[in-house]
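Fair warning: this is a prediction, and the values are worked out from it, not measured in the lab. All values below were derived from every heavy atom in this structure, side-chain atoms included, with hydrogens, water molecules and symmetry-related copies excluded.
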Amino acid sequence: MASVHAIRPDVVDPRADFLIVRDELRRRTENRDLAEVWADMQPAERAVVLRSAAQHLVPLRPINEIPANERTPDRIADNLTRTPIEWMTPKAREAIRAAIHRMSSYASRLRDGLRSESHPSQALAASARLALEAGDIAAAQHYLALIEANAE
């Protein structure tokens, strides 16, 4: 007589992590992740990304079919602003992906810099306050001069 085993919900498929990575690689290979990001962007955001990728963009049509005044990187970027990512060449898609990555890294660095709790001016201002509380006007003026020099 055959027995039926209950499915155990606590048992995790040992291939689960591999399958997640494999699915992500397929999405990237098929540019689905890029297509989703591109579809969510406004035309102005697309234009900024395209300007960043401009030197590496490839027009949709062969270059000899494009008027000379539309062959510049800026004109090619303008023409691609409202183009679905699926219509672009693989080289253009890779240039856009690289531009998005560069811009994302830059934004992260800016955000991290702005979150920094220990800005040099804060430390100098704290020292100036302590000098004022101690009645040392010369030291307070010295710290204020340093703050002003850093602001320039």
Side-chain angles (χ1 to χ4, degrees), residues 12 14-152:
V12 177
R15 301 176 312 144
D17 290 337
F18 167 76
L19 295 173
I20 291 169
V21 171
R22 183 193 67 186
D23 290 343
E24 178 62 23
L25 287 173
R26 281 185 179 163
R27 286 173 41 87
R28 287 186 183 198
T29 302
E30 296 168 0
N31 288 306
R32 285 186 285 172
D33 60 333
L34 186 59
E36 291 170 6
V37 169
W38 191 254
D40 290 341
M41 292 176 129
Q42 297 297 317
E45 294 169 329
R46 289 180 180 183
V48 170
V49 170
L50 288 166
R51 291 284 186 271
S52 178
Q55 295 303 318
H56 304 286
L57 294 177
V58 177
L60 296 175
R61 298 180 293 163
I63 201 80
N64 60 343
E65 294 179 11
I66 300 173
N69 63 341
E70 292 186 23
R71 293 180 190 174
T72 66
D74 287 341
R75 292 294 297 184
I76 293 169
D78 286 342
N79 292 334
L80 292 175
T81 300
R82 288 180 174 74
T83 303
I85 203 83
E86 296 85 3
W87 293 3
M88 295 183 197
T89 64
K91 185 175 178 182
R93 287 189 293 241
E94 286 307 311
I96 290 168
R97 183 184 298 279
I100 290 171
H101 180 72
R102 271 193 316 277
M103 295 171 84
S104 177
S105 297
Y106 178 68
S108 294
R109 288 193 311 270
L110 281 176
R111 185 176 51 247
D112 292 344
L114 291 174
R115 285 187 193 164
S116 175
E117 295 177 20
S118 59
H119 191 276
S121 296
Q122 291 174 333
L124 291 171
S127 298
R129 270 191 234 97
L130 290 173
L132 285 173
E133 289 171 5
D136 189 352
I137 302 298
Q141 288 177 333
H142 169 74
Y143 290 120
L144 290 173
L146 290 175
I147 291 170
E148 289 171 345
N150 282 338
E152 296 173 353

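- The structure places CG of Leu110 at 11.0 Å from CE of Met103, a figure rounded to the nearest 0.5 Å.
- Side-chain contact between Tyr106 and Arg111: absent, with no pair of heavy atoms (C-beta onward) separated by less than 4.5 Å.
- In plain terms, the two heavy atoms of Ala54 and Pro73 that are nearest each other are O-CB, 3.5 Å.
- Taking CG from Asp136 and NE2 from His142, the interatomic distance works out to 10.5 Å, rounded to the nearest 0.5 Å.
- With sequence neighbours excluded, the residues that form a side-chain hydrogen bond (donor to acceptor under 3.5 Å, both in side chains) with Ser52 are Arg102.
- Qualifying salt bridge (charged side-chain N to carboxylate O under 4.0 Å, His left out) partners for Asp78, counting only residues two or more places apart in sequence or in other chains: Arg51.
- With sequence neighbours excluded, the residues that form a side-chain contact (heavy atoms from CB on, under 4.5 Å) with Ile76 are Leu57, Pro59, Leu80.
- For Ser104, there are no side-chain hydrogen bond (donor to acceptor under 3.5 Å, both in side chains) partners at least two apart in sequence or on another chain.
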Side-chain donor-acceptor pairs under 3.5 Å in residues 14-22, sequence neighbours left out?
none

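- Residues meeting the salt bridge (charged side-chain N to carboxylate O under 4.0 Å, His left out) test with Glu86, sequence neighbours left out: none.
- Proximity of a side-chain donor or acceptor of Arg82 to a complementary backbone N or O of Pro43 within less than 3.5 Å is not detected.
- Contacts of Arg129 classified as side-chain hydrogen bond (donor to acceptor under 3.5 Å, both in side chains), with partners at least two apart in sequence or in another chain: none.
- Among pairs with a residue in residues 35-45, those fulfilling salt bridge (Lys or Arg N to Asp or Glu O under 4.0 Å) read Arg27-Glu36, at least two apart in sequence or across chains.
- Between Ile85 and Trp38, the closest heavy-atom pair is N-CD1, 3.7 Å.
- Residue Thr83 comes nearest to Met88 through the heavy atom pair O-CE, 3.5 Å, listed as atom of the first residue, atom of the second, then distance.
- With sequence neighbours left out, Leu132 forms a side-chain contact (heavy atoms from CB on, under 4.5 Å) with Ile137, Ala140.
- To the nearest 0.5 angstrom, Leu34 atom CG is 6.5 Å from Ile96 atom CD1.
- Remark: Thr89 engages Val58, Lys91, Ala92 in a side-chain contact (heavy atoms from CB on, under 4.5 Å) (not counting sequence neighbours).
- Legend: residues meeting side-chain contact (heavy atoms from CB on, under 4.5 Å) with Thr72, ordered by chain and number and at least two apart, are Asp74, Arg75.
- Taking every heavy atom of both residues into account, Arg46 and Thr81 meet most closely at CD-O, 3.0 Å.
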